[in-house]
Amino acid sequence: MSADLQALLDGPVLDVAPRLLNAVLRKGAVAVRVTEVEAYDGPNDPGSHAFNGPTRRNEIMYGEPGHLYVYFTYGMHHCCNVVVGPEGTASAVLVRAGEIIDGLETARSRRPKSRDRDLARGPARLCKALDIDLSDNTADLRSGVLTLQLSGEPEPTFATGPRVGLRGAADRPWRFWIDGDPTVSTYRPAVVRTRKAQG
DNA sequence: CCTACGATCGTCT
DNA sequence: GACGATCGTAGGT
């Protein structure tokens, strides 16, 4: 099983991304069935963290597929990606949303004010429900506390559209989701932030 | 359902 | 020093 994961992820990111729909991402007692992802195509993609070449933060993207890339953003949120494609291509798939299929009580305790369908509805919410943070960056998803299991069959009814919250390359329809699933996040365009008043 | 807005800090220039 | 692959809340429709 573990050997398969590496092979299944070792292809073009636009082919691999929809194959992650219905995959199960687990950390410890909590497991999520993935319902929404986005593809990021390494240095060719203005939306990718690897667009400007290697840095300390994105280093793991250049490594072998099947590892987790976790980043911290907006001063308070974590998001996680599965590194895919041949080593060195620096492509990754952002895990944007999912349905809790195990450890529901634990997930609820981590996000007490959420309705169940909102527990992992959004990339930072999903990381919160799974207790994923920077200490999980670079984790090998084949074994250990964090694991990824792909479903045997490709999801037959997925939809595609523009990625969420991007300023660059906002036109590329590289978001993939399971059509009609209530745990898929709502689309939000990039926002222009207003400068805080000088004091 | 929708839109608007502020929180808050790691990362890169 | 500027910005962000976001979220929760407030308030309107």
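Chain letters run A, B, ... following the sequence lines, proteins first, then strands; residues in each count from 1.
Atom-to-atom, CG of A:Leu94 to C1' of C:dT6 comes out at 11 Å; the value is rounded to the nearest Å. Distance CE (A:Met76) to P (C:dC7): 11 Å, rounded to an integer number of Å. Computed from coordinates, the A:Arg110 CZ to C:dC7 P distance equals 17 Å when rounded to whole Å. For the pair A:Tyr74 OH and B:dC9 C1', the interatomic distance rounds to 13 Å; values are reported in whole Å. Distance, A:Asp118 CG to B:dC1 C1': 14 Å, rounded to whole Å. Straight-line distance from the NE2 atom of A:His77 to the C1' atom of C:dC3: 15 Å, rounded to whole Å. One interatomic measurement links the two molecules: CG of A:Leu134 to P of B:dG10, which rounds to 9 Å at whole-angstrom precision. One interatomic measurement links the two molecules: CG of A:Asn58 to C1' of B:dT13, which rounds to 15 Å at whole-angstrom precision.
Using a 4.5 Å heavy-atom cutoff, the side chains of A:Glu38 and A:Trp174 are not in contact.
Listed nucleotides B:dT11, C:dA5, C:dC7 differ in distance to A:Leu166; the shortest reach to its side chain belongs to C:dA5.
Using a 4.0 Å cut-off, some side-chain N or O of A:Arg125 falls inside it from OP1 or OP2 of C:dG8. Note on A:Lys113: every side-chain N or O is 4.0 Å or more away from OP1 and OP2 of C:dC7. Phosphate proximity of C:dG8 to A:Arg111: present, with a side-chain N or O under 4.0 Å from OP1 or OP2.
As the counterpart of B:dC1, C:dG12 is assigned, both hydrogen-bonding distances of the Watson-Crick or G-U wobble pattern falling under 3.5 Å. Across all strands shown, C:dA5 has no partner, as no Watson-Crick or G-U wobble contact with both distances under 3.5 Å is found.
For the side chain to side chain contact (heavy atoms under 4.5 Å, CB included) criterion with A:His78, the lone passing option out of A:Leu134, A:Thr73, A:Asn137 is A:Leu134.
If you check every strand for non-hydrogen atoms under 4.0 Å, A:Arg163 touches nothing. Contact annotation for A:Arg188: base contact, defined as any heavy-atom pair under 4.0 Å involving a base atom. Looking at heavy-atom distances under 4.0 Å, A:Gly47 makes contact with a base.
By the stacking rule of 5.5 Å between ring centres and under 30° between planes, A:Tyr40 stacks on the base of C:dA5. Look at A:Phe72 and the base of B:dG10; the rings do not stack under the cut-offs of 5.5 Å between centres and 30° between planes.
A:Arg96 and A:Ser185 share a side-chain donor-acceptor pair at under 3.5 Å. One side chain, A:Glu155 or A:Thr157, offers a donor N or O that lies under 3.5 Å from an acceptor on the other.
Between A:Asp171 and A:Arg163 there is no salt bridge, since none of the side-chain N atoms of the basic residue sits less than 4.0 Å from a carboxylate O of the acidic one.
With the nearest nucleotide of DNA chain B identified for both A:Thr73 and A:Arg56, A:Thr73 has the one nearer the 5' end.
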